[in-house]
Amino acid sequence: MTAKAAAMGAGAAAAIRVHDLNYTYPDGTAALEHVSFEIEKGESVALVGPNGAGKSTLLLHLNGILHSKTSRGAVEILGEPINPKKVHKMPKKIGIVFQDPDDMLFMPLLADDVAFGPINLGIEKDEVKRQVKDSLLRVGLAGYETRVSHHLSGGEKKRAAIATVLSMDPEIIAMDEPTANLDPKSREELIEILRTLKDEGKTLIIITHDVNAIPELADRVIVLEKTVIADGTTREVFADSDMLVAAGLDVPTIMQFFEVLQAFGYPCDVLPLSIDGAVKNLTETIENGSGHLHLHIHKHTHTEVGAVRGKYQHHRTAANCPK
Amino acid sequence: MTAKAAAMGAGAAAAIRVHDLNYTYPDGTAALEHVSFEIEKGESVALVGPNGAGKSTLLLHLNGILHSKTSRGAVEILGEPINPKKVHKMPKKIGIVFQDPDDMLFMPLLADDVAFGPINLGIEKDEVKRQVKDSLLRVGLAGYETRVSHHLSGGEKKRAAIATVLSMDPEIIAMDEPTANLDPKSREELIEILRTLKDEGKTLIIITHDVNAIPELADRVIVLEKTVIADGTTREVFADSDMLVAAGLDVPTIMQFFEVLQAFGYPCDVLPLSIDGAVKNLTETIENGSGHLHLHIHKHTHTEVGAVRGKYQHHRTAANCPK
Amino acid sequence: MISEIDRYAGISSPIHRWDPRFRLISIFALIFSVMLLYNLQLVMIGMIFAIILTCISKIPLSFVLSRMKLVFIFVIPFFIIIPFTVIGDGVEIASFGGITLSYRGIEYVKFAAMIVLKALTAVMLIFPMVGTSRMDITIKALEGLHMPNKLVQMFAFTYRYIFVLDDEFTRMDRSLTSRGFKRQGNLYTLTTISKAIAMLFVNSYERADRVFYAMRSKGYSGTVATLHEFHTRWQDWVNTAVVVGFAVLLQVAATSDTFSAARGFL
Amino acid sequence: MVHISDGVLDPWLWESGWVIIAVILAYTLSKMKTDDVPKLSVITAAVFVASLIHMQVGPTSVHFILNGFAGVMLGILAFPCIFVALVLQCFLFGHGGVTTIGINTVNMGVPALIAYLIFKTGTKLDIRPETKSKVTLFGAIAGGVGVVLALLLLATELITTGEAFYETTVLVVTAHLPIIAIEAIFTGVLAGFIATVKPEMFGEK
Ligand SMILES: Nc1ncnc2c1ncn2[C@@H]1O[C@H](COP(=O)(O)OP(=O)(O)OP(=O)(O)O)[C@@H](O)[C@H]1O
Ligand SMILES: Nc1ncnc2c1ncn2[C@@H]1O[C@H](COP(=O)(O)OP(=O)(O)OP(=O)(O)O)[C@@H](O)[C@H]1O
Ligand SMILES: [Mg+2]
Ligand SMILES: [Mg+2]
């Protein structure tokens with residue numbers, strides 16, 4: 001447990017406070033056990049974990065869609081415990097973007113889908129129209145109002161799904177694998193959209209398997225595997241690679257590579273997480289080394305490289321794997 | 001066009017020969033235009049392209065499920081043109097793994113799903129049983145025969161879907177985004193399964209958005225965007241990063257990082273594609289440099305780094321992107 | 001697989017510009033009126049009016065005919081069978097296995113023709129009725145006509161998910177084919193397809209849950225409203241007067257002596 | 001589904017069809033929870049899509065009727081489901097008729113309800129076979145009964161309309177005899193499958 005709940009102010013109302021949340025599906029699958037964490041306003045948090053870890057299940061608890069007797073009072077949003085009877089009042093506080101956009105685009109027209117939330121919130125028509133236009137613009141779909149959802153491409157559907165939540169202007173936005181199935185360009189555009197939201201001060205929770213995107217998106221990472229097995233800043237969590245690998249996860253490619261570089265004599269304490277971080281790290285290291293940097297092969301380089309690489313080769317240790 | 005069809009022997013029957021394939025969906029979407037390429041037996045090819053490039057559409061042409069008047073004779077598998085009336089005879093030659101495993105698993109029990117293909121091929125019962133067992137073993141699901149397919153986890157379903165194709169023992173296996181939606185561990189396990197298939201001499205076609213997996217999986221990359229816009233060895237295709245970025249694609253993270261390293265004076269002609277490649281490259285470079293390697297910041301380092309990084313920032317150039 | 005009736009909703013014609021609420025009601029009334037007729041001449045007049053409406057709507061005739069072909073296959077048996085098979089006296093032509101072919105004369109040909117014409121008229125009128133605006137607008141018009149909100153929601157969501165599920169089944173079907181499955185007329189085919197459909201149901205049941213969750217998380221509390229507003233102009237009233245007037249006229253004519261009712265033959 | 005086209009039936013028949021269905025719909029809609037609407041819609045869409053699937057049997061191509069299954073799954077809520085499916089089928093494909101939507105819904109829905117009752121009673125019976133085979137068996141019976149009753153209703157209506165339709169009725173019913181068997185097997189397999197994979201689908205209403 002590398003959990004770190006220290007950084008959180010206990011005074012002001014947290015954006016999200018989950019305390020000892022448990023959930024078992026009716027068929028007996030225990031999906032969540034003793035989950036506790038807090039997220040401050042304005043934080044942007046990545047929620048990671050292997051397939052079946054309960055990430056999506058947790059998301060559905062954040063606005064009370066899923067709930068059980070044992071979950072009463074376990075989730076507080078903006079200081080108020082969730083009332084499962086008032087789920088329809090939640091969208092002002094927290095908006096959820098589901099993984100499959102086809103589940104979110106249920107109206108015949110895209111504009112209707114984007115207007116769905118605001119209308120339910122009782123906002124008046126002209127204002128709704130403005131918000132529809134604005135939300136579509138923000139996800140790069142300006143002018144798509146009268147498009148039919150089933151004719152959109154995969155990437156467009158993803159962005160449309162986000163627009164349907166943006167239009168309600170919630171304080172917290174939670175997303176389930178927003179970058180899955182996107183081509184690299186659409187993925188980057190989506191990351192940019194999320195970054196804009198972050199800069200605007202929204203509280204973000206992003207479920208993702210895409211570890212290379214995390215450093216760009218999140219200040220903090222929570223690792224879930226039925227329960228919270230790690231919680232800390234992005235750097236802290238990624239530093240504990242043993243725990244991550246044990247949970248079937250990975251650290252960003254660049255970080256793995258800098259571990260290799262260390263074996264070649266690269267002096268660094270804090271491994272960079274992304275290419276941009278790496279550039280900074282390189283520059284600093286070289287400048288500290290008075291303009292130069294030496295890499296070399298010493299006696300243990302190859303054993304060290306072997307050890308570092310072996311760490312991330314899940315399949316070598318996986319019991320149920322062929323060969 | 002960096003296309004390179006040189007490496008192909010024109011004599012022996014190619015595994016796949018596509019010549020001037022065109023396809024327009026009934027609603028008027030032109031999905032494929034003048035697609036031509038050849039794949040030799042035993043090759044392992046990655047098919048990349050942005051969302052909506054027609055990759056899945058192309059896959060469905062490879063065994064004749066999709067066809068049109070204009071496609072007659074355009075696709076040859078193992079030397080024989082496809083006859084759309086005999087699609088059900090194709091599985092012995094080419095097996096297709098669909099993107100969503102839920103499309104492939106429709107029996108209550110996993111064993112029935114895996115046995116489905118062989119039974120259709122008219123194979124006798126004992127042999128079918130043997131193949132079911134064998135296929136499940138190869139994807140690491142030994143002993144899962146009596147599990148309910150629908151209740152498997154995401155990663156297990158993906159592997160099960162591959163088993164349903166392996167059980168027919170096709171010479172060519174084509175897969176649509178095999179690693180999508182998987183957690184890092186399942187992804188690596190899957191990559192390992194594909195590598196084993198490759199080593200066994202199967203011809204593989206792998207559609208993927210996961211550029212970091214390509215160097216491990218494919219000797220050759222075909223870039224599709226309605227038509228083939230590049231075709232060559234993995235290294236050749238990734239070398240042309242301008243073309244890739246223009247097509248909304250990316251090169252592997254490590255390769256991007258080595259371009260950065262070049263700006264810091266790292267001497268290399270051939271950029272490595274994966275961490276393992278990078279280790280080799282580093283070792284060689286250092287050994288050639290008589291055991292040492294100098295990196296430094298020169299006058300142009302920062303401009304160069306800026307240029308290199310700018311190249312891959314799709315969103316800065318995307319017209320329809322916010323801000 | 002699902003051909004869209006609203007393929008030509010984008011073109012412009014007087015019918016397209018007609019307020020969908022009025023258009024639905026008026027043409028619906030017209031269809032009812034024609035179906036109540038039992039006089040061949042009047043049915044033919046109704047049919048001609050339907051053809052005129054369809055022409056005004058500028059929906060390509062080839063599109064209309066391609067749909068009517070299907071209906072023709074449904075109703076043509078009446079045309080062939082009825083004149084020959086009515087029990088009772090008539091000119092016996094042939095008999096096989098209990099079914100006697102006997103020709104009953106021109107009156108029955110007329111009766112059968114009337115049935116076929118009525119069916120065709122109804123199908124043809126569907127085009128100006130719902131083919132002239134996008135399906136989603138048509139569904140909103142149902143709401144404008146004060147159909148219960150729950151039912152309107154069911155139409156809207158069902159219409160949306162038909163396409164999603166159709167894609168789903170198409171993909172499943174392709175995966176069956178790509179593993180050597182061929183549809184034949186045997187038990188194996190039947191059970192295999194049944195299982196595929198069963199899977200479709202299980203998947204859609206789970207999707208239904210997710211859709212409901214998504215709706216709840218967007219504030220759904222039972223009713224659905226949209227931004228769409230219908231605007232009524234005087235032209236809508238004129239169109240309505242013409243079509244409904246014609247429907248009433250047909251009924252008035254039917255009660256007059258000039259057009260004897262054909263029902264007496266039965 | 002078994003459709004009657006426009007213009008065939010005696011007007012009083014299809015008029016009463018509308019009256020009956022209006023009453024039943026009003027009742028079921030009032031019984032229906034708003035939370036059921038999305039779920040019911042997606043299942044209706046699945047029924048719609050499944051009923052488009054054709055199977056070659058001998059020289060003809062048949063498609064599934066699914067009213068028995070809709071009943072088994074939905075009970076009385078099968079009525080709005082069938083109604084919506086029929087309206088959309090009429091609008092999208094021109095199948096069936098406009099004026100006959102009411103009576104066609106009755107023809108499908110009443111048997112669906114009876115199929116539901118049979119299935120419910122049957123699966124509760126304490127007889128020997130284990131649950132799955134029991135569900136399959138009564139699913140099959142429900143599916144078969146659904147079609148038989150729908151055909152009976154249809155035949156009655158045609159014959160009531162006029163003796164001119166007598167032979168046509170015989171023909172229609174004969175043509176549908178194999179469908180009874182097909183539908184029975186189909187519904188049985190479906191019910192058995194669901195009992196194995198997702199039994200809670202039978203749990204609710
Ligand atoms: N409706 C359900 N009924 C029963 N079990 C369920 C249901 N939904 C999910 N589960 C189970 O609960 C566990 C957690 O599922 P969940 O979908 O939350 O995982 P996840 O972390 O989102 O995984 P992924 O990364 O694959 O999306 C899994 O074991 C899953 O099989
Ligand atoms: N059934 C269909 N009817 C009409 N157009 C279609 C259909 N399926 C796909 N298309 C269109 O054809 C084009 C190619 O689609 P395809 O699915 O082959 O793309 P892809 O390369 O597989 O994309 P992705 O990476 O998102 O999977 C797209 O523009 C898509 O919208
Ligand atoms: Mg999930
Ligand atoms: Mg695809």
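Letters A, B, ... are given to chains in the order of the sequence lines, protein chains preceding strands, and every chain is numbered from 1. Note that these values count all heavy atoms, side chains included, but never hydrogens, waters or copies made by symmetry. All values derive from a computational prediction rather than experimental measurement.
- For the pair Lys198(D) and Tyr205(C), the cation-pi criterion (under 6.0 Å, within 45° of the ring axis) is not fulfilled.
- Both the backbone and the side chain of Val84(D) come within less than 4.5 Å of a heavy atom of chain C.
- Highest contact tally toward chain D, considering only Leu151(C), Val164(C), Asn186(C), is held by Leu151(C) [criterion: heavy-atom pairs under 4.5 Å].
- If you measure heavy-atom distances from Glu206(C) to chain D, the contacts under 4.5 Å come from the side chain alone.
- Contacts between Asp6(C) and chain D at a heavy-atom distance below 4.5 Å are absent for every atom of the residue.
- Of the listed residues (Ile185(D), Thr100(D), Leu9(D), Ile43(D)), the greatest number of heavy-atom pairs within a distance under 4.5 Å of chain C belongs to Ile185(D).
- Looking at Arg134(C) and Asp136(C), a side-chain N of the basic residue comes within less than 4.0 Å of a carboxylate O on the acidic one, giving a salt bridge.
- Within the model, atoms CD1 of Ile162(C) and CG of Leu88(D) stand 5.0 Å from one another, a figure rounded to the nearest 0.5 Å.
- Ring geometry for Phe212(C) versus Tyr220(C): interplanar angle over 60°, hence perpendicular rather than tilted (30 to 60°).
- Looking at Val202(C), both its backbone and its side chain come within 4.5 Å of chain D, counting heavy atoms on both sides.
- Here Phe155(C) is the residue among Phe155(C), Phe28(C), Tyr161(C) with the most heavy-atom pairs under 4.5 Å with chain D.
- For chain C, no part of Trp12(D) is nearby; none of its heavy atoms comes within less than 4.5 Å.
- Ranked by non-hydrogen atom pairs under 4.5 Å with chain D, the options Ser221(C), Ser194(C), Ala208(C) are led by Ser194(C).
- Considering only heavy-atom pairs separated by less than 4.5 Å from chain D, the leading option among Asn149(C), Asp173(C), Val130(C) is Val130(C).
- Under the 6.0 Å cut-off for aromatic ring centres, Phe79(D) and Tyr27(D) do not qualify, their centroids lying 6.0 Å or more apart.
- Of the atoms belonging to Phe127(C), not a single heavy atom falls under 4.5 Å from chain D.
- Looking at Met154(C), both its backbone and its side chain come within 4.5 Å of chain D, counting heavy atoms on both sides.
- Using a 4.5 Å cut-off between heavy atoms, Met68(C) makes no contact with chain D at all.
- The aromatic rings of Phe32(C) and Trp18(D) sit tilted, their planes meeting at an angle between 30° and 60°.
- No donor-acceptor pair closer than 3.5 Å links the side chain of Ser33(C) to the backbone N or O of Ala29(C).
- In this structure, the portion of Ile193(C) lying under 4.5 Å from any heavy atom of chain D is its side chain and not its backbone.
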Using residues 146-160 of chain D as the side-chain source, report each donor-acceptor pair under 3.5 Å to any protein atom, sequence neighbours left out, with the distance given to one decimal.
unit_1    : atom_1 : unit_2    : atom_2 : d
Thr156(D) : OG1    : Leu152(D) : O      : 2.5
Glu157(D) : OE1    : Asn107(D) : ND2    : 2.9
Thr160(D) : OG1    : Thr156(D) : O      : 2.3

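- Contact count against chain D (heavy-atom pairs under 4.5 Å) is highest for Leu165(C) among Thr138(C), Val34(C), Leu165(C), Leu200(C).
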Below 3.5 Å, can you tabulate the donor-acceptor pairs from side chains in residues 114-126 of chain C to any protein atom, sequence neighbours excluded?
unit_1    : atom_1 : unit_2    : atom_2 : d
Lys118(C) : NZ     : Met35(C)  : O      : 3.1
Lys118(C) : NZ     : Leu37(C)  : O      : 2.8
Thr121(C) : OG1    : Leu117(C) : O      : 2.6

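- Contacts of Phe91(D) with chain C are made by both backbone and side-chain atoms, with heavy-atom separations under 4.5 Å.
- The residue among Leu190(C), Val211(C), Ile31(C) with the most heavy atom pairs within less than 4.5 Å of chain D is Leu190(C).
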